[in-house]
*Asks:* 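Below are the C-alpha cells for one structure; questions will follow.
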Amino acid sequence: MINFFVILVLATGALGFFPANVPEGNQTALWVGALILAVTTLTGYALNNFGIPMIGAAFASVVSASGPALTSLLAVGVISESLALNQWLGVGLVTLWVIGISVDNMSRQKQAAKK
C-alpha cells in the first residue's frame, strides 16, 4: 500500500512539471481513466501479495513472467497495435528467459524440500 501511495504522489506531482494539453471536454475522461488504472494496479499488487503465500514465490514468478507477453497480445487484439518482428522476438526472449529462471528456482526448491 505504501508503494502504491508513493507512486501515486510522485506521478501526481510530476504532472506539474510536464503539463498536458488536454481539451476541456476530455478532462473527466482522463481522470476516470486514471482512476480505473489506479484501481486495477492496486488490485494486481494485492492479488500478487495474497497469491505468493498460496502458490509459492517461484511459481508466482512464472505466472508474472507471462505479463509482457499477455500485454503484447492484448495490445494487438484490443487496440490493433502492430509489433515488428524484432519486438515479438524481444517479448518472446524475455518471457522465455524469466520462465527458465523461475522453473530452475522451482526445481531447486523441490530438491531442497526433499532433503
Side-chain angles (χ1 to χ4, degrees):
M1 194 67 155
I2 293 171
N3 182 26
F4 181 76
F5 183 73
V6 168
I7 291 172
L8 178 65
V9 169
L10 291 176
T12 304
L15 289 175
F17 293 109
F18 306 105
N21 295 325
V22 179
E24 272 306 309
N26 293 343
Q27 295 266 342
T28 304
L30 178 68
W31 283 105
V32 169
L35 181 63
I36 290 170
L37 287 172
V39 169
T40 56
T41 301
L42 182 59
T43 303
Y45 278 133
L47 290 175
N48 187 40
N49 287 333
F50 291 132
I52 288 174
M54 292 179 189
I55 65 173
F59 188 64
S61 66
V62 170
V63 172
S64 68
S66 64
L70 290 176
T71 302
S72 300
L73 290 174
L74 283 173
V76 169
V78 174
I79 62 172
S80 301
E81 183 71 29
S82 62
L83 297 178
L85 177 63
N86 62 344
Q87 292 170 319
W88 281 113
L89 291 174
V91 168
L93 183 63
V94 168
T95 303
L96 286 175
W97 190 268
V98 173
I99 288 174
I101 291 171
S102 301
V103 169
D104 183 47
N105 288 340
M106 282 178 23
S107 66
R108 288 183 187 185
Q109 272 186 343
K110 287 181 183 177
Q111 289 175 355
K114 288 180 184 180
K115 291 180 182 181

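Keep in mind that the numbers below use all heavy atoms, side chains included, and drop hydrogens, waters and symmetry copies.
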*Asks:* For atom CH2 of W88, decide whether the heavy atoms of other residues, nucleotides or ligands shown that lie under 6.0 angstrom number more than 12.
*Replies:*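 Enclosed: over 12 neighbouring heavy atoms sit under 6.0 Å from CH2 of W88.
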*Asks:* Share the residues that join V78 in a hydrophobic cluster, the rule being Ile, Leu, Val, Met, Phe, Trp or Tyr side chains under 4.5 Å apart at the heavy-atom level.
*Replies:*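 Once heavy-atom contacts under 4.5 Å are chained together, V78 belongs with L74, I79.
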*Asks:* Which residues pass the side-chain hydrogen bond (donor to acceptor under 3.5 Å, both in side chains) test with N49, not counting sequence neighbours?
*Replies:*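 Per chain and number, N49 pairs via side-chain hydrogen bond (donor to acceptor under 3.5 Å, both in side chains) with no residue.
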*Asks:* To the nearest 0.5 Å, how far apart are OG1 in T40 and CG in L35?
*Replies:*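 Here the rounded value is 9.5 Å.
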*Asks:* Drop me the distance from L83's CG to L73's CG, to the nearest 0.5 angstrom.
*Replies:*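 Answer rounded to 0.5 Å: 9.0 Å.
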*Asks:* What's the separation between atom CG in L47 and atom CG in L42, rounded to the nearest 0.5 Å?
*Replies:*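 That separation rounds to 9.5 Å.
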